[in-house]
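One-based numbering along the sequence shown.
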Amino acid sequence: LKFDFRNGPLRRKYDGTKYALKTVETLLYELSVTGAEDTEESEAKRAKISLLDDSELEGIRARVEHRDELREKLIKKSRDGQKAAKQAIYALHRGDQARALKLLTQCE
């Protein structure tokens with residue numbers, strides 16, 4: 001692999017991210033200087049947002065944890081399948097067709 005750090009796509013992505021971050025920091029600074037977030041309306045909106053039932057929050061938390069658990073299981077199965085496929089290819093290179101077939105059935 002060759003990396004072109006001067007004008008390559010990685011450098012362009014980095015520069016774009018850097019300039020976007022600079023723009024956001026400048027905007028936040030200007031808002032803090034003008035006092036835009038110290039209004040009574042914004043405080044009232046924050047109070048309304050924070051008035052959620054604990055049961056609703058627990059339900060959301062349980063769904064997110066369940067989703068994360070399913071995601072982790074899927075990632076592990078995917079990695080195990082990739083590992084078995086890789087080992088099957090190596091077994092075929094060595095001429096061990098029986099082991100390769102066994103590993104390929106594990107992939108499914």
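- Nearest heavy atom pair, residue Cys107 against residue Ala84, reads SG-CB, 3.6 Å.
- With values rounded to the nearest 0.5 angstrom, Glu65 atom CD is found 8.5 Å from Glu58 atom CD.
- Of the inter-residue distances, the one linking Lys77 atom NZ with Gln82 atom CD reads 15.0 Å to the nearest 0.5 angstrom.
- Annotation: the span from Arg79 atom CZ to Leu74 atom CG amounts to 10.5 Å, rounded to 0.5 Å.
- For Gln97, the CD atom sits in a loose shell: 12 or fewer heavy atoms of surrounding residues, nucleotides or ligands are nearer than 6.0 Å.
- The pair Glu69-Lys73 counts as a salt bridge, with a side-chain nitrogen and a carboxylate oxygen less than 4.0 angstrom apart.
- With Gln87 as the fixed residue, the side-chain contact (heavy atoms from CB on, under 4.5 Å) test singles out one of Leu104, Leu103, Leu92: Leu103.
- Counting all heavy atoms, side chain and backbone alike, Thr105 lies closest to Lys102 at OG1-O, 2.6 Å.
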N/O donor-acceptor pairs under 3.5 Å from side chains in residues 16-29, not counting sequence neighbours:
unit_1	atom_1	unit_2	atom_2	d
Thr17	OG1	Lys13	O	2.9
Thr23	OG1	Tyr19	O	2.9
Thr26	OG1	Lys22	O	2.8

